[in-house]
**Q** 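Input: one structure, supplied below.
Numbering of residues begins at 1 and proceeds along the displayed sequence.
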Amino acid sequence: FFGVPSFWQDYLSYPLYFFGGAVAQRNGWMDAIKEKSRVAIYTWMILTFFIVNFVISYFHDKGKLDGVAFLLIKGIVWKGIFSMAISLAVSVFFMDYVNKKYFCTQFYSKSMYTAYIIQYTFPVLVGLKCLFVILDSTGNVAYDDPSNPSVNNMYITNSNLIFPGWLLVSTIALIIDWPLAYAIQAIPGFSQVL
């Protein structure tokens with residue numbers, strides 16, 4: 001959720017994730033995960049973390065691959081192998097320790113899928129725009145091509161502002177995303193579609 005929108009990289013995979021989740025629910029795969037060993041799942045996550053970082057640093061730091069080939073390998077090991085391991089570990093952690101009803105459960109459960117769908121279409125973009133305005137007005141950005149000052153060739157000149165910027169974008173996006181998703185769900189008929 002907290003990433004910068006990259007349409008061709010992320011949005012094309014969303015239908016695959018959606019239908020994969022539908023197949024998983026229909027076949028009871030989440031119930032089958034409850035029976036799996038937690039030690040094996042957490043060990044796999046930790047091992048994949050170290051393997052992924054080794055592979056990425058080996059290919060990148062040694063100059064073995066550049067450009068598209070490196071991005072392909074990074075995408076396979078980072079967005080593929082490691083994402084699977086971390087998603088499984090987070091899922092079983094929440095199954096074991098957070099599977100309770102809280103005061104806000106109804107609010108989040110009603111609007112979570114809608115929040116997931118709309119996150120990059122509006123809330124994250126508003127947060128990014130606020131961050132860019134702040135960084136630009138404080139002189140903390142530069143452009144690769146000054147004649148074309150766009151977000152595509154912009155970079156932050158003060159690396160100490162990356163984490164606070166992430167926090168700002170995340171906070172703004174969450175403040176907009178959840179109430180908006182809940183409001184959309186409250187529209188008659190939308191709860192059957194979303």
Side-chain angles (χ1 to χ4, degrees), residues 1-17 45-90 93-94 108 111-184:
F1 175 85
F2 296 104
V4 175
S6 46
F7 180 81
W8 297 110
Q9 184 176 340
D10 293 331
Y11 272 76
L12 295 178
S13 59
Y14 283 0
L16 178 66
Y17 298 149
M45 184 204 60
I46 291 167
L47 284 174
T48 57
F49 175 77
F50 287 111
I51 290 168
V52 163
N53 284 312
F54 170 76
V55 168
I56 289 173
S57 65
Y58 176 78
F59 283 110
H60 189 264
D61 295 343
K62 305 281 191 250
K64 301 277 184 197
L65 294 173
D66 287 325
V68 175
F70 172 69
L71 292 175
L72 180 63
I73 288 179
K74 182 179 176 185
I76 290 169
V77 296
W78 184 256
K79 286 203 164 200
I81 297 167
F82 183 65
S83 293
M84 296 277 295
I86 194 87
S87 296
L88 184 58
V90 168
F93 177 83
F94 274 80
Y108 287 114
S111 53
M112 66 182 171
Y113 185 64
T114 307
Y116 175 72
I117 291 173
I118 66 170
Q119 66 184 337
Y120 285 139
T121 57
F122 181 68
V124 172
L125 297 178
V126 171
L128 285 171
K129 181 64 177 177
C130 291
L131 175 64
F132 295 155
V133 167
I134 291 168
L135 290 174
D136 199 31
S137 65
T138 57
N140 286 300
V141 294
Y143 300 96
D144 290 330
D145 180 10
S147 66
N148 181 19
S150 72
V151 173
N152 294 334
N153 67 15
M154 172 178 134
Y155 62 92
I156 297 174
T157 57
N158 183 351
S159 62
N160 293 327
L161 296 175
I162 293 174
F163 184 70
W166 172 79
L167 284 175
L168 176 72
V169 171
S170 300
T171 303
I172 291 170
L174 289 172
I175 287 171
I176 295 170
D177 195 29
W178 285 102
L180 181 61
Y182 192 80
I184 291 171

**Q** Sub-3.5 Å donor-acceptor pair from the side chain of T121 to the main-chain atoms of I118, do we have one?
**A**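 It does hold such a pair.
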**Q** Hey, what do you get for CE (M112) to OH (Y182), rounding to the nearest 0.5 Å?
**A**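 OH of Y182 is found 14.0 Å from CE of M112.
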**Q** What closest approach, in Å, do A85 and M45 show between heavy atoms, and which atom pair accounts for it?
**A**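 Between these two residues, the closest heavy atoms are CB-CA, 3.8 Å.
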**Q** Could you state the interatomic distance from CD1 (I86) to CD1 (I46), rounded to the nearest 0.5 Å?
**A**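 If I round to the nearest 0.5 Å, the distance is 9.5 Å.
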**Q** Using the side chain to side chain contact (heavy atoms under 4.5 Å, CB included) definition, which of the options L174, I175, V169, I176 pairs with I172?
**A**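 One option only clears the test, and that one is I176.
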**Q** Determine the minimum heavy-atom distance between A181 and A115, stating which atoms define it.
**A** CB-N, 3.4 Å
**Q** Measure the CG-CG distance between L167 and L161 for me, rounded to the nearest 0.5 Å.
**A**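 One finds 11.5 Å between CG of L167 and CG of L161.
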**Q** Please identify each residue that fulfils side-chain hydrogen bond (donor to acceptor under 3.5 Å, both in side chains) with D144, with sequence neighbours left out.
**A** none
**Q** Please enumerate all residues that pass side chain to side chain contact (heavy atoms under 4.5 Å, CB included) together with A142, with sequence neighbours excluded.
**A**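 With sequence neighbours excluded, A142 shows a side chain to side chain contact (heavy atoms under 4.5 Å, CB included) to Y155, T157, given in chain and number order.
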**Q** Just jot down the side chain to side chain contact (heavy atoms under 4.5 Å, CB included) partners of F94, sequence neighbours excluded, or say none.
**A**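 So F94 forms a side chain to side chain contact (heavy atoms under 4.5 Å, CB included) with V90, V98.
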**Q** Taking ring-ring contact (aromatic ring centres under 6.0 Å, His included) as the definition, give me every residue that meets it alongside F163, ordered by chain and number, with sequence neighbours left out.
**A**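 With neighbours one apart ignored, the set is W166.
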**Q** Between F49 and F82, how do the two ring planes meet: parallel, tilted or perpendicular, split at 30° and 60°?
**A** tilted
**Q** Indicate every side-chain donor-acceptor pair of residues 124-138 with a distance under 3.5 Å to a residue at least two apart or in another chain.
**A**
{"from": "S137", "atom 1": "OG", "to": "V133", "atom 2": "O", "distance (Å)": "3.0"}
{"from": "S137", "atom 1": "OG", "to": "I134", "atom 2": "O", "distance (Å)": "3.0"}
{"from": "T138", "atom 1": "OG1", "to": "I134", "atom 2": "O", "distance (Å)": "2.9"}
{"from": "T138", "atom 1": "OG1", "to": "L135", "atom 2": "O", "distance (Å)": "3.1"}
{"from": "T138", "atom 1": "OG1", "to": "N140", "atom 2": "ND2", "distance (Å)": "2.7"}

**Q** Please identify each residue that fulfils ring-ring contact (aromatic ring centres under 6.0 Å, His included) with F122, with sequence neighbours left out.
**A** none
